[in-house]
Amino acid sequence: MDTKIWGITSEDVKTPLTSETTSKLEEIKLAYEYGEIVAIPTETVYGLGGDATNPEAIGKIFHAKNRPGDNPLIVHIHNYEQLESFTSYVDDKVKKLMDYFWPGPISFILPLKDGVLASSTVAEMDSVAVRMPSHPVARKILEYTRIPIAAPSANLSGKPSPTDAGHVINDLNGEIFGIVVSEQSEIGLESTVLDCTQFPYKIARPGHISIDELQEVLEAEVLEHQDTMERPISPGMKYKHYAPRQPMIVIEGGINSNTNLKVPDDISKEKVGVIAPETVRQYVDKNMQFVSLCRDEESYREAAKNLYAALRHMDASDVEIIYIYGFKQTSETEALMNRIYKATGNTIIKG
Ligand code: TXA
Ligand code: MG
């Protein structure tokens, strides 16, 4: 399949729209209406979108990503009317969170109203994850098409999520109908997923919006994300995700002049990769391949934005083992460290 590429920047969707932008939006709308799938930018990561009410489109999404069918998709919306069309009940407490954080990087799991969405969108569950993204291009596409768009991250299953259109092209060119090429995703990690089907609400996936922020707005307790595979006592490779092909090891406590980045016997220093803040470069052997993640140890937002590109860079390089810097654990670094642990399969060394 010849994948169609549309370039649309945030600048392009400012009103009044040019006729060129309008015709691109029209083509995208038609594609969705015909059950085709089109990747779009969002502020978190690029998503692989399709009409959430159309089982054919949903089938194409699962197929293109090689995603297991029991993993439900997030449905992206433009307004509250759409939300009400396929959820059965939205509590006032959830509304309060939506009013505060939407449009933005948080998805709410809510009870599903029967008969509107394709059952495969929600993997036959009786709940649905919903998000109203803030990226101007995503918003414009959702507004223009008026279709609730199911969109998982636009990567092949198991690979790091795409934060740049180039990543989507690498993974899915020739496999999907179209790709909207726009800016690098501002946040770089997937949305916080909050399970609101039971009170107290519970973090199903940590993201940019932290548990502290949620509790503050809600004025109530939110339950922490629980993933027993997250930080087991002994290293393991079981729960690998978002991962480059090489073994990756997180250096807990960070890297400094005392850190020994061990070179395995059977490889040379040149085949060792290190992903860390720029300030750490001075402690790393010049022969190793250093990828700078952010300015310094405190710039974790910049690190989040650049993490997946760094993993993809290493994946495509000739390094055979990767060390990655472990940031201080706080509520604000939780999502970043969650993805780093997953990418390493929880292989940890104390720095
Ligand atoms: O930032 C994001 O959320 C991006 C962009 C494109 O919006 N999307 C994204 O989708 O990360 P995906 O499919 O890669 O991740 C969706 C996550 C999965 O972990 C899935 O299991 C969970 O949300 N999820 C979706 N619906 C659910 C439901 N009804 N109940 C429990 N978990 C659900
Ligand atoms: Mg994903």
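Worth saying up front: this structure is predicted, and the values here are computed from it rather than measured. When a ligand or atom number is given, it counts from 1 through the structure's own listing order.
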Margin query: Tell me which pairs pass side-chain hydrogen bond (donor to acceptor under 3.5 Å, both in side chains) where either residue lies in residues 198-209, with sequence neighbours left out.
Written below: Ser191-Arg205
Notebook entry, point to check: Tell me, which protein N/O/S atoms are under 2.8 Å away from the Mg ion (ligand 2)?
Noted result: Ser153 OG
Margin query: Between Arg312 and Asp171 (salt bridge meaning N to carboxylate O under 4.0 Å), is one present in this structure?
Written below: yes
Note to self: Heavy atom to atom 22 (C) of ligand 1, shortest distance: which of Pro152, Ser157, Ser127, Pro72 holds it?
What the structure shows: Pro72
Next item on the list: Could you tell me which atoms of ligand 1, counted from 1 in the order shown, lie closer than 4.0 angstrom to a heavy atom of Ser153?
Entry: 8 (N), 9 (C), 10 (O), 12 (P), 14 (O)
Note to self: Quick test of your reading of the model: are Glu219 and Lys96 salt-bridged, counting only N-O distances below 4.0 Å?
What the structure shows: yes
Note to self: Starting from atom 3 (O) of ligand 1, what is the nearest protein heavy atom, named by residue and atom, and what distance separates them?
What the structure shows: Ser191 OG, 2.6 Å
Next item on the list: Pick, from Ile109, Ile106, Thr44, Asn155, the option with the minimum heavy-atom distance to atom 5 (C) of ligand 1.
Entry: Thr44
Next item on the list: State whether the shortest distance between N or O atoms of Ser107 and N or O atoms of ligand 1 falls below 3.5 angstrom.
Entry: no
Notebook entry, point to check: Is it true that Glu297 and Lys328 make a salt bridge, defined as a side-chain N closer than 4.0 Å to a carboxylate O?
Noted result: no
Note to self: Which label fits Phe177 and Trp6: parallel for a plane angle under 30°, tilted from 30 to 60°, or perpendicular past 60°?
What the structure shows: tilted
Next item on the list: Go through His78 and Met132 one step at a time and tell me if the side-chain contact (heavy atoms from CB on, under 4.5 Å) criterion holds.
Entry: CA-CA 6 Å; His78 175 67; Met132 188 186 288; 5.9 Å; no
Checklist line | Arg205 N/O under 3.5 Å from ligand 1 N/O | finding: yes
Item checked: Atoms in ligand 1 with a heavy atom of Met125 nearer than 4.0 Å -> 28 (C), 29 (N), 30 (N)
Check: Is any side-chain N of the basic residue among Lys350 and Glu252 closer than 4.0 Å to the acidic one's carboxylate O?
Finding: yes
Could you pull out all donor-acceptor pairs under 3.5 Å where a side-chain atom in residues 36-46 meets a protein atom, sequence neighbours excluded?
| residue | atom | partner | partner atom | Å |
| --- | --- | --- | --- | --- |
| Glu36 | OE1 | Lys60 | NZ | 3.4 |
| Thr42 | OG1 | Thr44 | N | 3.1 |
| Thr42 | OG1 | Thr44 | OG1 | 2.9 |
| Thr42 | OG1 | Val45 | N | 3.4 |
| Thr42 | OG1 | Val45 | O | 2.7 |
| Thr42 | OG1 | Arg131 | NH2 | 2.9 |
| Glu43 | OE1 | Ser134 | N | 3.1 |
| Glu43 | OE1 | His135 | N | 3.2 |
| Glu43 | OE2 | Arg131 | NH1 | 2.7 |
| Glu43 | OE2 | Ser134 | N | 3.0 |
| Glu43 | OE2 | Ser134 | OG | 3.3 |
| Thr44 | OG1 | Arg131 | NH2 | 3.2 |
| Tyr46 | OH | Ser182 | N | 3.0 |
| Tyr46 | OH | Ser182 | O | 2.9 |
| Tyr46 | OH | Glu183 | O | 3.0 |

Notebook entry, point to check: Hey, does Thr42 come in under 3.5 Å of ligand 1, counting only N/O atoms on both sides?
Noted result: no
Notebook entry, point to check: Would you say ligand 1 has an N or O under 3.5 Å from any N or O of Arg67?
Noted result: yes
Next item on the list: Report, in ascending order of atom number, the atoms of ligand 1 lying under 4.0 Å from any heavy atom of Ala151.
Entry: 6 (C), 8 (N), 10 (O)
Item checked: Non-neighbouring partners of Tyr32 that pass ring pair (Phe, Tyr, Trp, His ring centres under 6.0 Å), sequence neighbours left out -> none
Next item on the list: Report, in ascending order of atom number, the atoms of ligand 1 lying under 4.0 Å from any heavy atom of Gly47.
Entry: 6 (C)
Notebook entry, point to check: With a 4.0 Å cut-off, would you call Glu20 and Lys24 a salt bridge?
Noted result: yes
Note to self: Is there a continuous path of hydrophobic side-chain contacts, each under 4.5 Å between heavy atoms, that joins Ile58 to Leu172?
What the structure shows: yes
Margin query: Tell me the protein heavy atom at minimum distance from atom 7 (O) of ligand 1, and give that distance in Å.
Written below: His76 NE2, 2.7 Å
Margin query: In the structure I gave you, are the side-chain heavy atoms of Met248 and Tyr323 within less than 4.5 Å of one another anywhere?
Written below: no
Checklist line | Sub-4.0 Å atoms of ligand 1 with respect to non-hydrogen atoms of Asn71 | finding: 18 (C), 20 (C), 21 (O)
